[in-house]
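Here is the structure we will look at, set down as structure tokens.
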2 protein chains.
Amino acid sequence: MTVTATMEEDRLDETFAALANSTRRAILARLAQSEATVNELAAPFAMQLPAISKHIKVLEQAGLIVRSRNAQFRPCRLAPDRLAEVATWADQYRSIWDDRFDRLDQQLSRRRRNAQHAAPKGTNDR
Amino acid sequence: MTVTATMEEDRLDETFAALANSTRRAILARLAQSEATVNELAAPFAMQLPAISKHIKVLEQAGLIVRSRNAQFRPCRLAPDRLAEVATWADQYRSIWDDRFDRLDQQLSRRRRNAQHAAPKGTNDR
DNA sequence: GTTGTAATTTCCGTATGGGTTAATTATCTA
DNA sequence: TAGATAATTAACCCATACGGAAATTACAAC
């Protein structure tokens, strides 16, 4: 019964864990431009190839990228579904930060009104 | 020069790492309803209090929650800024999954047109 | 088949994560 | 002051994460 929920939770664990590394996020950003091979992805980093290879494995396991085969090359490309899930998850909380802006906005309006009543003749803010 | 970028990257590392645990995400979901004490937050979990206390510490360190003091109690409440950053980060990739839906939509339109040309007299789908 | 290039796997060291129990701190109440 | 409640810290166990170096696999070109 809670099987689906648990599966989704596990997947979010894995997704967020994969995203919790700036090298891996940089790889995703690079792949947002176009697909790329492991060596191409590794080029910008001061890190040995095996390390990048492992990061790619993590991203693939998490479903954030998919890979094909072209001779010795293993081109990677972005798989957007998990990223969409992250956006959806975070959006659950949107009302909370929106509310806060609303309250701030109300406060500002109130202050503007009060300022007008207190000093109706000029701009006396500060 | 890249100081800000690096700080933001480090913060995203920390934010995603904090979110990569279903217990901690459940705590955030609970705090989206109202603030709560450590014992209240711990109640739903089959886990000792110190474990929850550590999870809360991780969330606080990551800036996802803030805490106040009320006698022996340390009520927690949600701090939405980091969640907003996550939403913004994920939204960078929105065009990619939108594009995919667009392509799917175009495909379906094309199929619809072709179906009309091939069998203009009736609904012959499936 | 040998050589070269692309990429992965294995093994290792070190650090961190997530949980436990026991001990400790902080605050209220009688 | 003593005792109860809320919460944290300390000490420990086990597993996993991240990186390096060396060895290995997969394929192409000659």
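In the text below, chain A, chain B and the rest are named by the order of the sequence lines, each starting its count at 1. These numbers come from the heavy atoms of this one structure, side chains and all, not from hydrogens, waters or symmetry mates.
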For [X] and [N], is the shortest distance between a side-chain N/O and OP1 or OP2 below 4.0 Å?
| X | N | result |
| --- | --- | --- |
| B/Lys57 | D/dT9 | yes |
| A/Asn39 | C/dA7 | yes |
| B/Gln48 | C/dT21 | yes |
| A/Arg69 | D/dC27 | yes |
| A/His55 | D/dG19 | yes |
| B/Asn21 | C/dG18 | yes |
| B/Arg24 | C/dG18 | yes |
| A/Arg67 | C/dA7 | no |

Margin query: Do B/Leu28 and A/Tyr93 have side chains that approach each other closer than 4.5 Å (heavy atoms only, starting at C-beta)?
Written below: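 Yes. Closest side-chain heavy atoms under 4.5 Å.
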
Notebook entry, point to check: Can you find a heavy atom in the side chain of B/Thr23 that is under 4.5 Å from one in the side chain of B/Ile52?
Noted result: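 When only atoms from C-beta onward are counted, B/Ile52 and B/Thr23 do touch, with a gap below 4.5 Å.
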
Consider the side chain of [X], meaning its heavy atoms from C-beta on, and name the nucleotide among [options] that approaches it most closely.
| X | options | result |
| --- | --- | --- |
| A/Phe73 | C/dA6, D/dT8, C/dC28 | C/dA6 |
| A/Gln72 | C/dA22, D/dC27, C/dA26 | D/dC27 |
| A/Ser53 | D/dA10, C/dT8, D/dA7 | C/dT8 |
| B/Met47 | D/dA26, C/dA7, C/dT20 | C/dT20 |

Between [atom2] of [N] and [atom1] of [X], the distance in whole Å:
| X | N | atom1 | atom2 | result |
| --- | --- | --- | --- | --- |
| B/Glu40 | D/dT5 | CD | P | 16 Å |
| B/Asp10 | D/dC18 | CG | P | 14 Å |
| A/Ile52 | C/dA7 | CD1 | P | 12 Å |
| A/Leu49 | D/dA22 | CG | C1' | 14 Å |
| A/Glu60 | C/dA7 | CD | P | 13 Å |
| B/Ile56 | D/dT9 | CD1 | P | 12 Å |
| B/Glu14 | D/dA17 | CD | C1' | 17 Å |
| B/Arg74 | C/dT27 | CZ | C1' | 12 Å |

Next item on the list: Could you tell me whether A/Glu60 and A/Lys57 have a side-chain N and a carboxylate O separated by less than 4.0 Å?
Entry: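 Here A/Glu60 does not pair with A/Lys57 in a salt bridge, since their nearest N and O are not under 4.0 Å apart.
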
Note to self: How close do A/Ala17 and A/Arg24 get, counting heavy atoms only, and between which atoms?
What the structure shows: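 Looking at all heavy atoms of both residues, the shortest contact is O-NH2, 3.2 Å.
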
Next item on the list: Ignoring hydrogens and angles, answer whether the base of C/dT20 and the side-chain atoms of B/Lys54 contain a donor-acceptor pair closer than 3.5 Å.
Entry: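 For B/Lys54, whose side chain was compared with the base of C/dT20, there is a donor-acceptor pair (under 3.5 Å).
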
Note to self: Is it true that, when you exclude B/Arg94 itself, more than 12 heavy atoms of the residues, nucleotides or ligands shown sit nearer than 6.0 Å to its CZ?
What the structure shows: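 For B/Arg94, atom CZ is crowded (more than 12 foreign heavy atoms under 6.0 Å).
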
Next item on the list: Determine the sole option in A/Ile65, A/Leu49, A/Ile56 for which the side chain to side chain contact (heavy atoms under 4.5 Å, CB included) test with A/Leu41 is passed.
Entry: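 Running side chain to side chain contact (heavy atoms under 4.5 Å, CB included) over A/Ile65, A/Leu49, A/Ile56 with A/Leu41 returns exactly one hit, A/Ile56.
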
Next item on the list: Could you check whether B/Thr23 gets within reach of a base, just the sugar-phosphate, or nothing at all, counting any heavy atom under 4.0 Å?
Entry: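 The residue B/Thr23 makes no contact with any strand.
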
Item checked: A/Asn70 or A/Val58, whichever maps to the more 5' nucleotide of DNA chain D ->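 That would be A/Val58.
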
